[in-house]
Enquirer: 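Provided herewith is a single structure, encoded as structure tokens, for subsequent inquiry.
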Protein chains: 2
Amino acid sequence: MSKFARPKTKRGLARREAILRAAEEVFGTQGYAAASIAEITRRADTALGTFYIYFPGKEEVFRELVMEMGKLTRAGITEAVQRAGDRLDAERAGLEAFLRFVAARPSLYRIVEEARFVDPEAYRQYFAGFARAYEAQLIEAERAGEVSPGDAEVRAWALMGIAKTLGERFVIWDDAPDIDRVVTEGFAMIRDGIAP
Amino acid sequence: MSKFARPKTKRGLARREAILRAAEEVFGTQGYAAASIAEITRRADTALGTFYIYFPGKEEVFRELVMEMGKLTRAGITEAVQRAGDRLDAERAGLEAFLRFVAARPSLYRIVEEARFVDPEAYRQYFAGFARAYEAQLIEAERAGEVSPGDAEVRAWALMGIAKTLGERFVIWDDAPDIDRVVTEGFAMIRDGIAP
DNA sequence: TAATGACATGAATAATGATTCATGTTTCAT
DNA sequence: ATGAAACATGAATCATTATTCATGTCATTA
């Protein structure tokens with residue numbers, strides 16, 4: 001029986017959530033190493049020790065945030081992609097949904113990327129799972145003639161790489177990102193490549 | 001006058017280099033946080049205090065490794081690309097050179113990526129510089145009709161994203177990476193996109 | 001070969017921050 | 001209304017490591 005059952009009262013639920021949100025903010029702005037539990041509880045307006053009522057430790061909150069992000073991104077992209085007509089449409093919509101998500105929750109996305117170093121297993125599982133689903137979509141699309149034939153696994157990772165890097169450069173780094181431009185230009189390359 | 005002048009004797013040079021190589025290994029395998037100076041000096045067969053004769057501190061060795069990596073990658077890619085006929089050739093050669101570099105020095109590459117969190121300024125400068133050069137190449141290639149018209153800045157970052165992600169997934173994660181396959185499939189997508 | 005600057009040593013220092021725990025307070029089912 | 005279970009508190013503990021420094025040894029040169 002885990003010592004860290006979910007809270008049972010309304011108050012407990014609220015506290016746990018407050019700590020989680022404070023952790024998102026602190027991890028997202030300071031990074032894992034510089035984030036202190038004291039700072040997290042301070043921002044959650046609660047006592048230091050309260051943290052340990054809800055979480056086994058620093059790494060575990062972090063992991064929970066990574067998983068939360070995973071669910072949110074997948075949900076957001078899946079929804080955006082559902083509306084799309086064919087696979088190319090879906091690629092465009094997925095790229096846009098991803099970039100808008102990064103713009104909306106930069107902290108959360110920074111946390112996922114830092115997980116590569118803080119909790120490599122969680123990071124790997126997150127992206128491997130994502131890639132597997134992506135790959136399946138591409139295989140199906142190829143069968144339907146919506147994309148040209150090609151190695152779906154390599155393509156899936158290459159496409160994820162494009163999204164991640166464009167997000168980092170043009171959304172996180174830029175103050176006023178022009179997401180439309182990045183989506184348009186990025187998608188054009190995904191669709192047609194750079195051959196003359 | 002900096003307290004950390006370069007070593008003046010053969011012995012000093014060798015020690016400094018031994019520490020640098022040990023640091024590469026330790027940072028590369030354990031990550032920045034888990035790496036201890038004691039472990040680094042142990043692997044360099046030297047005393048703890050000796051470290052501070054050659055480096056101001058932990059972050060500074062790390063930064064030096066990031067910069068070293070920058071020089072090595074650029075040099076390697078530049079050389080590989082020089083041999084290429086046109087820009088498309090160069091893209092293929094550059095991707096392959098990059099992946100082979102990651103395979104040869106996985107520690108060094110991990111360090112560069114972790115720099116995003118340990119020393120964001122160094123990381124940013126490294127990639128921004130790289131991208132600027134890349135972008136210039138693409139603009140020139142477009143003028144020469146070797147690639148289709150398109151936003152060179154977005155393209156440069158997208159292409160770097162592909163290389164980084166394919167390297168992480170198929171070189172770092174795989175025990176026996178099939179670099180040829182990844183280059184072939186990745187390049188095919190870069191050239192022609194995924195449109196049917 | 002003596003003097004000097006360069007280099008080497010590792011025990012001691014010092015700061016940091018995660019985690020624990022003994023002692024209250026609040027909630028809520030009965 | 002009440003008592004047990006949940007929840008809250010924050011000072012004290014504890015472990016970890018980066019960095020310093022007082023004391024040597026080595027290499028080079030005059």
Side-chain angles (χ1 to χ4, degrees), chain A residues 1-65 111 114 117-119, chain B residues 1-27 29-65 111 114-115 117-119:
Chain A
M1 194 77 78
S2 166
K3 199 180 153 197
F4 298 93
R6 298 273 136 161
K8 315 240 173 200
T9 69
K10 202 178 300 185
R11 180 175 56 142
L13 256 338
R15 270 270 192 278
R16 189 179 198 280
E17 183 62 19
I19 291 171
L20 209 48
R21 296 281 68 84
E24 174 185 343
E25 192 182 334
V26 176
F27 282 134
T29 53
Q30 335 253 208
Y32 184 82
S36 76
I37 307 299
E39 174 69 14
I40 290 171
T41 52
R42 197 174 308 127
R43 292 214 204 184
D45 282 311
T46 193
L48 184 48
T50 304
F51 177 90
Y52 292 92
I53 293 172
Y54 298 106
F55 302 96
K58 190 178 177 180
E59 239 187 276
E60 284 80 4
V61 224
F62 189 84
R63 180 174 305 135
E64 179 156 340
L65 287 169
I111 288 167
E114 194 168 8
F117 303 101
V118 173
D119 189 341
Chain B
M1 197 76 78
S2 168
K3 199 181 154 196
F4 297 93
R6 298 274 137 158
K8 313 240 171 194
T9 70
K10 203 178 297 185
R11 180 173 58 142
L13 255 338
R15 270 271 193 278
R16 189 179 198 281
E17 183 62 19
I19 292 172
L20 209 47
R21 296 281 68 84
E24 175 184 343
E25 193 181 332
V26 176
F27 282 133
T29 53
Q30 334 253 192
Y32 184 81
S36 76
I37 307 298
E39 175 68 13
I40 290 171
T41 51
R42 198 174 307 126
R43 292 215 206 186
D45 282 311
T46 194
L48 184 48
T50 304
F51 177 91
Y52 292 92
I53 293 172
Y54 298 106
F55 301 96
K58 190 178 178 180
E59 239 188 276
E60 283 81 3
V61 223
F62 189 84
R63 180 173 307 136
E64 179 156 341
L65 287 169
I111 289 167
E114 193 169 8
F117 303 102
V118 173
D119 188 344

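Worth knowing before you read on, the calculation uses all heavy atoms, side chains too, and leaves out hydrogens, waters and symmetry mates. Order of the sequence lines fixes the chain letters, A, B, ..., with proteins taken first and strands second; residue numbering starts at 1 for each chain.
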Enquirer: Suppose we screen for side chain to side chain donor-acceptor pair (under 3.5 Å). Which residues come up paired with A:Thr50, at least two apart in sequence or across chains?
Expert: A:Thr46
Enquirer: Consider the side chain of B:Tyr52, meaning its heavy atoms from C-beta on, and name the nucleotide among C:dA6, D:dT19, D:dC7 that approaches it most closely.
Expert: D:dT19
Enquirer: Where along residues 32-43 of chain B does a heavy atom come under 4.0 Å from DNA chain D, residue by residue in number order?
Expert: B:Ala35, B:Ser36, B:Ile37
Enquirer: Applying side chain to side chain contact (heavy atoms under 4.5 Å, CB included), name anything that partners A:Ala34, two or more places apart in sequence or on another chain.
Expert: A:Gln30
Enquirer: Any donor-acceptor pair under 3.5 Å linking the side chain of B:Lys8 with the backbone of B:Leu13?
Expert: no
Enquirer: According to side chain to side chain contact (heavy atoms under 4.5 Å, CB included), who are the partners of B:Glu64, at least two apart in sequence or on a separate chain?
Expert: B:Arg6, B:Arg16, B:Leu20, B:Phe55
Enquirer: Please list, chain by chain and in numerical order, all residues satisfying side chain to side chain contact (heavy atoms under 4.5 Å, CB included) with B:Thr9, sequence neighbours excluded.
Expert: B:Arg11
Enquirer: What is the separation between atom CG on B:Leu13 and atom C1' on C:dA8, rounded to the nearest whole Å?
Expert: 16 Å
Enquirer: At less than 4.0 Å, is any side-chain N or O atom of B:Thr9 found next to OP1 or OP2 of C:dA6? Yes or no.
Expert: no
Enquirer: Show the distances under 3.5 angstrom between N or O atoms of the protein and N or O atoms of nucleotides 8-14 of chain D.
Expert:
unit_1, atom_1, unit_2, atom_2, d
D:dA8, OP1, A:Arg15, NE, 3.1
D:dA8, OP2, A:Tyr54, OH, 2.5
D:dT9, OP2, A:Thr46, OG1, 2.6
D:dT9, OP2, A:Ala47, N, 2.9
D:dT9, OP2, A:Thr50, OG1, 3.2
D:dG10, N7, A:Gly49, N, 3.0

Enquirer: Mind checking side chain to side chain donor-acceptor pair (under 3.5 Å) for B:Glu25 and listing every partner two or more places apart, or none if nothing turns up?
Expert: B:Arg43
Enquirer: Let me spell it out: for each of A:Arg6 and B:Glu60, pick the nucleotide of DNA chain D with the closest heavy atom. Which residue's pick is nearer the 5' end?
Expert: A:Arg6
Enquirer: Who passes side chain to side chain contact (heavy atoms under 4.5 Å, CB included) against B:Ala23, sequence neighbours left out?
Expert: B:Phe27, B:Ile40, B:Val61, B:Leu65
Enquirer: With a non-hydrogen cut-off below 4.0 angstrom, is B:Lys10 in contact with a base, only sugar-phosphate, or nothing?
Expert: nothing
Enquirer: Who are the salt bridge (charged side-chain N to carboxylate O under 4.0 Å, His left out) partners of B:Glu60, not counting sequence neighbours?
Expert: none
